[in-house]
Amino acid sequence: MFVINEDKSIYTIKHDTAHFTVSIEPYELREGDTLTFTVRKRYRSAVIIATNADAEGYFNIASSDYDGVEPGYYLYDIQLTTGEGEIYTLVPPS
């Protein structure tokens with residue numbers, strides 16, 4: 001199970017594989033751009049899960065990405081880093 005609610009909260013069952021996409025229209029991802037999804041216990045704490053999207057904005061969270069993650073509440077964010085090094089937070093810590 002992997003559910004993203006309208007309020008941007010995400011619910012998942014530990015070790016369930018998750019796939020989701022992020023649309024940042026009208027911007028189109030270019031070569032060298034990176035979309036990154038990160039999960040942390042608290043704001044500015046160490047990253048627990050980090051995964052990059054493919055060229056179409058498709059994220060894959062593997063079952064093994066949950067290794068060492070205890071059940072609980074976490075914050076996530078999504079960031080775009082352009083090929084030129086510009087950084088944009090698309091989804092702030094939620």
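- Applying the salt bridge (Lys or Arg N to Asp or Glu O under 4.0 Å) test to every pair with at least one member in residues 85-94, sequence neighbours left out, gives no pairs at all.
- The closest donor-acceptor contact from the side chain of T21 to the backbone of G57 lies at 3.5 Å or more, if one exists at all.
- Pairs engaging residues 6-22 under the salt bridge (Lys or Arg N to Asp or Glu O under 4.0 Å) rule: none recorded [sequence neighbours left out].
- Through side-chain heavy atoms spaced under 4.5 Å, either directly or across other Ile, Leu, Val, Met, Phe, Trp or Tyr residues, I13 is tied to M1, V3, Y11.
- The hydrophobic cluster around L35 extends to F2, I4, I10, F20, V22, I24, Y27, L29, F37, V39, I48, I49, F59, I61, Y66, V69, Y74, Y76, I78, L80, Y88, L90, V91, counting ILVMFWY residues whose side-chain heavy atoms fall within less than 4.5 Å of a member.
- Counting only residues at least two apart or on different chains, the salt bridge (Lys or Arg N to Asp or Glu O under 4.0 Å) pairs with a member in residues 17-37 are R30-E84.
- Every side-chain hydrogen bond (donor to acceptor under 3.5 Å, both in side chains) that Q79 has, sequence neighbours left out, goes to T81.
- Residues P92 and S94 share a closest heavy-atom pair of O-OG, 2.7 Å.
- For S63, the side-chain hydrogen bond (donor to acceptor under 3.5 Å, both in side chains) partners at least two apart in sequence or on another chain are H15.
- With sequence neighbours excluded, the residues forming a side-chain contact (heavy atoms from CB on, under 4.5 Å) with A62 are S64, D65, listed by chain and number.
- For residues 68-83, no residue pair satisfies the salt bridge (Lys or Arg N to Asp or Glu O under 4.0 Å) rule, not counting sequence neighbours.
- Membership of the apolar cluster around Y43 extends to L75, as traced through chained side-chain contacts below 4.5 Å between ILVMFWY residues.
- The side-chain hydrogen bond (donor to acceptor under 3.5 Å, both in side chains) test applied to D54 returns no partner, not counting sequence neighbours.
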